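Okay, handing you the structure first.
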Amino acid sequence: MGQAVQETGLQAVTRAGHDVTFSYARSERKLKRLARDAKAKWGSPREAAQDADAVLLAVHWLRIGDVLKQAGDLSGKAVVTCSMPMNADNTELAVARTSSGAEELAKRIPKARVVAAFGTVPSEVFFDVYKRRRRAERPSLLYCGDDRRAKQVAVKLIRDAGFDPEDAGPLRIARYTEPFTMLIAQLAYEQKGGPRLAYRFERF
Ligand SMILES: NC(=O)c1ccc[n+]([C@@H]2O[C@H](COP(=O)([O-])OP(=O)(O)OC[C@H]3O[C@@H](n4cnc5c(N)ncnc54)[C@H](OP(=O)(O)O)[C@@H]3O)[C@@H](O)[C@H]2O)c1
């Protein structure tokens, strides 16, 4: 799990009553602190994954091979990824148009059930969304995947984090949601409003 996403997204999920294990950091001290602050557990990727109903993957694209190797067998697991397939200096998508990070991930773990979710909002907004979860109108959150049961797991997590899940279809739709995330990042980090930003789809 990534630090920014661990500190915010996973904490929101923990607050919603899920049993969470924080994992993957060079600093064990930091990991322990994150887990303690969130009243969660911490452990190796293998420990975090082995009895989990869902594995939330939020590491840099270049770390995917390493974290998968450390996690071990993910057969049958719902793997919810927000990892964007960014190049080393985080300036461009390294995979786009003819594939997506989510699809490339699924090819690496063909026995796991991959869903793309949580990546289309900045981590800075997770706490705000969670705090306002009882309001009638929630921000939307896009997700996509090919496995029905894994998508149900993602929907529960998305709702518990305070969002309104928006099913975008099969996993290949990550080819569109990942560039959409680049737009969200532009608004969040380059424009004036700041990163506590979410979106909501309305149908008329
Ligand atoms: N943050 C967002 O708003 C956002 C939005 C959309 C998508 N995402 C995606 O989520 C993923 C994580 O983003 P983030 O912002 O949470 O990143 P981050 O804060 O940089 O987190 C990266 C994590 O990986 C760990 N790490 C890095 N190198 C490692 C290594 N060699 N061995 C073990 N652990 C290592 C870091 O821990 P240490 O530093 O302690 O090693 C840290 O916990 C990325 O793929 C990003 O594209 C993030």
Side-chain angles (χ1 to χ4, degrees), residues 1-14 20-38 40 42-49 55-72 79-96 100-106 108 114-130 139-144 154 157-158 161 163 168 174-191 193-199:
M1 257 296 184
Q3 182 177 348
V5 180
Q6 289 207 55
E7 279 185 357
T8 52
L10 265 190
Q11 285 210 23
V13 168
T14 310
V20 171
T21 303
F22 286 73
S23 188
Y24 202 68
R26 283 161 296 192
S27 158
E28 196 174 286
R29 218 167 126 221
K30 188 196 77 183
L31 205 56
K32 283 183 184 170
R33 177 183 57 78
L34 287 175
R36 193 187 54 234
D37 291 351
W42 67 277
S44 69
R46 192 174 297 268
E47 288 164 342
V55 174
L56 296 170
L57 185 68
V59 299
H60 193 278
W61 187 241
L62 301 179
R63 307 298 324 160
I64 294 271
D66 183 49
V67 76
L68 290 181
K69 198 166 121 208
Q70 291 193 41
V79 175
V80 180
T81 179
C82 72
S83 291
M84 286 280 285
M86 301 306 292
N87 61 3
D89 58 6
N90 285 316
T91 51
E92 296 290 344
L93 288 169
V95 180
S100 59
E103 289 167 281
E104 294 306 308
L105 171 69
R108 293 173 89 141
V114 175
V115 181
F118 290 110
T120 54
V121 289
S123 57
E124 289 86 344
V125 83
F126 281 131
F127 284 146
D128 297 294
V129 172
Y130 180 72
S140 306
L141 195 81
L142 289 162
Y143 69 102
C144 61
L157 292 171
I158 292 168
F163 292 92
R175 294 173 197 190
Y176 308 142
T177 60
E178 289 171 5
F180 172 77
T181 298
M182 298 296 279
L183 168 68
I184 295 288
Q186 167 67 19
L187 295 175
Y189 303 116
E190 305 298 331
Q191 300 302 113
R196 288 164 66 182
L197 170 76
Y199 56 87

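Counting starts at 1 for both ligands and their atoms, following the listed order. If you're wondering where the values come from, they're calculated on a predicted model, not measured in any experiment. Residue numbers count from 1 along this sequence.
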Quiz item: Is a donor on one side and an acceptor on the other found under 3.5 Å between the side chain of N87 and the backbone of A94?
Solution: no
Self-check item: Numbering as shown, the atoms of ligand 1 that approach G119 to under 4.0 Å (heavy-atom distance)
Solution: 5 (C), 6 (C), 7 (C)
Quiz item: Which one of P195, A4, A188 has a non-hydrogen atom at the shortest distance from atom 16 (O) of ligand 1?
Solution: A4
Quiz prompt | Option nearest atom 11 (C) of ligand 1 (shortest heavy-atom distance, choices A58, S123, S23, G101) | solution = A58
Quiz item: Does some non-hydrogen atom of Y189 fall short of 4.0 Å from ligand 1?
Solution: yes
Quiz prompt | Region of F22 engaging ligand 1 - heavy atom pairs below 4.0 Å | solution = neither
Exercise. Determine, stepwise, if the pair E178 / T181 fulfils side-chain hydrogen bond (donor to acceptor under 3.5 Å, both in side chains).
Key: CA-CA 5 Å; E178 289 171 5; T181 298; over 6 Å; no
Practice problem: Using a strict cut-off of 4.0 Å, indicate which atoms of ligand 1 neighbour a heavy atom of P122. | Solution: 3 (O)
Exercise. Count the heavy atoms of every other residue, nucleotide or ligand shown that sit under 6.0 Å from CZ of F127, and state whether that count exceeds 12.
Key: yes
Quiz item: Which ligand 1 atoms does H60 reach within 4.0 Å, using its non-hydrogen atoms?
Solution: 45 (O)
Self-check item: Mode of V121 contact toward ligand 1 - side chain, backbone, both, neither (heavy atoms, under 4.0 Å)
Solution: backbone
Quiz prompt | Short N or O distance, V59 and ligand 1, threshold 3.5 Å exclusive | solution = yes
Self-check item: Short side-chain to backbone donor-acceptor contact, E103 and S100, under 3.5 Å
Solution: yes
Quiz item: Salt-bridged, D66 to R63, with N to O below 4.0 Å?
Solution: yes
Quiz item: For atom 46 (C) of ligand 1, which of R26, K30, M84 has the closest heavy atom?
Solution: M84
Quiz item: Does an N or O anywhere in R63 fall below 3.5 Å from an N or O of ligand 1?
Solution: yes
Quiz item: Are the ring centres of Y199 and F180 closer than 6.0 Å?
Solution: yes
Practice problem: Heavy atoms only: give me the nearest T21-G43 pair and the separation to one decimal. | Solution: CG2-N, 3.7 Å
Quiz item: Below 4.0 angstrom, N of the basic side chain to O of the carboxylate: do K32 and E28 qualify?
Solution: yes
